[in-house]
Amino acid sequence: WESLADWVYEEDQPVGLLPRILGEHPDSVVVFDEAHYGKNHKRKDWAVGEAGGKIGEDNGSTSAAGAHLSRAAGHRIATTATPVANVLSDIWAQLDLVHPDSWGGFWDFAKTYCGAHRGEYAMVADAVPPPGVKGYGWLPNAEELRTRLRLVAVRVPWSESHSQLPSKRRVVERVAADRQGRALGG
């Protein structure tokens with residue numbers, strides 16, 4: 001993810017080499033491992049055009065490069081163990097990577113599924129749950145979101161994903177006081 005923009009964009013070229021190659025092969029597949037690194041929904045810099053309309057231009061961010069690449073590929077797969085690290089709206093960009101334009105724009109998604117609303121000073125993407133309520137079931141259209149996610153996401157329970165791993169071990173190693181603080185290997 002760190003150098004993705006270097007592969008997607010080229011100086012003096014409207015489209016970089018990798019998206020051009022993918023676009024030439026309709027059966028191409030792009031796999032986004034650790035897809036949560038592409039969660040930023042701010043992929044464009046916006047300006048007002050001559051006719052007064054909004055003009056969006058890729059801002060060169062990692063998320064923008066991922067979105068550009070996903071639209072060039074014929075098929076897309078995203079993997080992550082952390083789809084929603086902070087707030088539910090974080091998942092929109094990942095869903096948009098796998099199914100471009102199928103989930104609407106970020107704010108459409110946030111209003112429909114995350115309880116986005118106009119705050120005192122600006123739009124707030126995620127509503128705050130009522131006191132004592134856990135999970136997302138209280139949000140608007142929660143059942144619709146659950147249904148749609150079942151069609152595109154595979155959730156592997158922790159017990160299944162960790163059943164083949166060796167059990168954790170705790171190893172305590174005592175270090176003499178005169179050896180503490182030395183450089184590694186010294």
Side-chain angles (χ1 to χ4, degrees), residues 1-11 13-47 54-116 122-128 135-136 139-142 144-158 160-162:
W1 279 98
E2 288 179 24
S3 62
L4 183 61
D6 296 337
W7 287 91
V8 173
Y9 303 110
E10 289 181 60
E11 275 189 47
Q13 295 288 327
V15 179
L17 178 62
L18 195 53
R20 282 199 309 267
I21 293 170
L22 289 174
E24 293 169 6
H25 301 279
D27 290 333
S28 62
V29 177
V30 64
V31 177
F32 295 101
D33 189 24
E34 302 295 345
H36 57 278
Y37 286 133
K39 74 177 185 176
N40 189 349
H41 69 274
K42 297 176 183 171
R43 298 172 174 168
K44 295 187 180 288
D45 290 329
W46 295 93
K54 290 193 305 185
I55 298 173
E57 202 171 290
D58 278 3
N59 61 16
S61 68
T62 300
S63 292
H68 195 71
L69 195 57
S70 79
R71 281 160 174 75
H75 306 279
R76 302 146 210 86
I77 298 171
T79 64
T80 182
T82 317
V84 180
N86 299 314
V87 293
L88 182 59
S89 62
D90 283 351
I91 202 169
W92 172 84
Q94 297 165 67
L95 292 170
D96 191 59
L97 284 176
V98 179
H99 293 276
D101 304 319
S102 297
W103 295 85
F106 172 77
W107 285 108
D108 295 328
F109 179 86
K111 288 176 199 168
T112 304
Y113 300 114
C114 306
M123 288 296 289
V124 177
D126 291 270
V128 177
Y136 297 110
L139 286 167
N141 306 306
E144 176 187 332
L145 178 60
R146 242 185 243 108
T147 300
R148 287 187 74 189
L149 286 174
R150 280 188 199 112
L151 298 173
V152 299
V154 176
R155 184 179 177 275
V156 179
W158 186 90
E160 187 177 329
S161 66
H162 287 66

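Numbers here are sequence positions counted from 1.
- Judged purely by atom type and a 3.5 angstrom limit, R76 uses its side chain to pair as donor or acceptor with the backbone of S70.
- Heavy-atom minimum distance, A110 versus A125: CB-O, 3.8 Å.
- For the atom pair CG of L151 and OG of S102, the computed distance is 11.5 Å after rounding to the nearest 0.5 Å.
- Rounding to the nearest 0.5 Å gives a distance of 6.0 Å between CG of L95 and CG of L149.
- Between N40 and T62, the closest side-chain pair of non-hydrogen atoms is not below 4.5 Å.
- Judged purely by atom type and a 3.5 angstrom limit, R43 uses its side chain to pair as donor or acceptor with the backbone of A93.
- Here CD of Q94 is found 12.5 Å from NE2 of H99. Values are rounded to the nearest 0.5 Å.
- Contact record, A72 with S28: O-OG, 4.3 Å, taken as the closest heavy-atom pair.
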**Request:** Report the C-alpha separation of W92 and K39 in whole Å, then their side-chain angles, then the decisive distance to 0.1 Å, and conclude whether the side-chain contact (heavy atoms from CB on, under 4.5 Å) test is met.
**Result:** CA-CA 7 Å; W92 172 84; K39 74 177 185 176; over 6 Å; no
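- Residues L88 and L139 are in side-chain contact: their nearest non-hydrogen atoms beyond the backbone lie under 4.5 Å apart.
- Within the 4.5 Å cutoff, the side chain of V154 has heavy atoms near those of the V156 side chain.
- Residue-environment remark: CD (E144) exceeds the threshold of 12 foreign heavy atoms within 6.0 Å.
- Of the candidates T82, D90, T80, H36 forms a side chain to side chain donor-acceptor pair (under 3.5 Å) with just one, namely T80.
- At distances below 3.5 Å, not a single donor-acceptor pair connects side-chain atoms of D101 with backbone N or O atoms of D96.
- Aromatic ring orientation, W103 versus F109: perpendicular (interplanar angle above 60°, classes split at 30° and 60°).
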| request: Decide side-chain contact (heavy atoms from CB on, under 4.5 Å) for V152 and V98; before the verdict, give the C-alpha distance in whole Å, the side-chain angles of both, and the deciding distance to 0.1 Å. | output: CA-CA 9 Å; V152 299; V98 179; 5.7 Å; no
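- Between the CZ atom in F32 and the OG1 atom in T79 there is a gap of 10.5 Å [rounded to 0.5 Å].
- Judged by distance alone, the side chain of D126 and the main-chain N or O of V87 form no donor-acceptor pair under 3.5 Å.
- Interatomic distance, SG of C114 versus CH2 of W107, reported as 9.5 Å (0.5 Å rounding).
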Evaluate side chain to side chain donor-acceptor pair (under 3.5 Å) for N141 paired with T112, printing each intermediate quantity in order.
CA-CA 7 Å; N141 306 306; T112 304; 5.3 Å; no
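- Atom NZ of K111 sits about 10.5 Å away from atom CZ of F106, to the nearest 0.5 Å.
- Side-chain atoms of H162 come within 3.5 Å of backbone N or O of W158 as a donor-acceptor pair.
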